[in-house]
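Below is one structure, written out as C-alpha cells, with a few remarks after it.
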Amino acid sequence: MFQRIYLIVEAMGPVAEDLRMSIEEVDDSAASLVARTPDAALALVGDNRISVAFVHADPARFAATALEPVLAAQGTRIIFMGNAAEESRAPGRLIMQRPFSSETVAEIVRPLLQSRVA
C-alpha cells in the first residue's frame, strides 16, 4: 500500500497533535512525523520521502536551516504557518492562515490523494 508521509514541525504539542489528527481524517493511510524544531525534524526525515511538510516558521529563516534543502531536493510541498509566516508575505510560499481547521488541512491534503506520485 502506498503511504504518504507528512512532516509537522511545530513546537506546541497540542497544535501539532490537532494537525496530525486533521491529516489522518482525510488520509487514513498517512504517516506523520512530528518534531519541535527543524533540527529535530531533520533527524526524523532520514530516508523517508516527505509528501507535505507543515512548518511553523518564517520562510526566510527556514531557508537557512539544514532541513530546507533536504525537503526541496525531495520536491516536498512545504506549508508555512504561524505569526512569522503570515507576516512575511513571502512570494511563492504557501502559508496556512490561522485559525486552521480540519477543512483547511483537507483542502491541502485531498489533491494528494488523487495522485500516487506525491
Got Glu10 and Val34 here, is their nearest side-chain heavy-atom distance under 4.5 Å?
no
Taking every heavy atom of Asn83 against every heavy atom of His56, the minimum-distance pair comes out as N-NE2, 4.5 Å
Taking atom CG of Leu94 and atom CE of Met81, what is their separation to the nearest 0.5 Å?
13.0 Å
Least distance between heavy atoms, Arg93 atom then Ala63 atom:
NH2-CB, 4.4 Å
Looking at CE of Met96 and OG of Ser101, how far apart are the two atoms once the value is rounded to the nearest 0.5 Å?
9.0 Å
Nearest non-hydrogen partners of Met12 and Arg36, listed with the distance
N-NH1, 4.3 Å
On a heavy-atom basis, the closest approach of Ala31 and Gln3 is CB-NE2, 3.5 Å
So, Glu86 side chain and Arg98 main chain: donor-acceptor pair closer than 3.5 Å or not?
yes
Looking at every heavy atom in both Ala85 and Pro59, which two are closest together, and how far apart are they?
CA-CD, 3.9 Å
Got a sec, which hydrophobics cluster with Val70, joining ILVMFWY side chains under 4.5 Å apart, including via others?
Ile5, Leu7, Val9, Leu33, Leu42, Leu44, Val45, Ile50, Val55, Phe62, Leu67, Leu71, Ile78, Phe80, Ile95
Within residues 13-23 or reaching into it, pairs that qualify as salt bridge (charged side-chain N to carboxylate O under 4.0 Å, His left out) - sequence neighbours excluded:
Glu17-Arg20, Arg20-Glu24
Taking salt bridge (charged side-chain N to carboxylate O under 4.0 Å, His left out) as the test, write out the residues that go with Glu103, two or more places apart.
Arg110
Measure across Glu25 and Ser102 and return the closest heavy-atom pair with its distance rounded to 0.1 Å.
OE1-OG, 3.4 Å
Residue that, paired with Ile23, satisfies side chain to side chain contact (heavy atoms under 4.5 Å, CB included) out of Ile108, Asp28, Ile8
Ile8
Measuring from atom CZ of Phe100 to atom CD of Glu107, what distance do you get when rounded to the nearest 0.5 angstrom?
13.5 Å
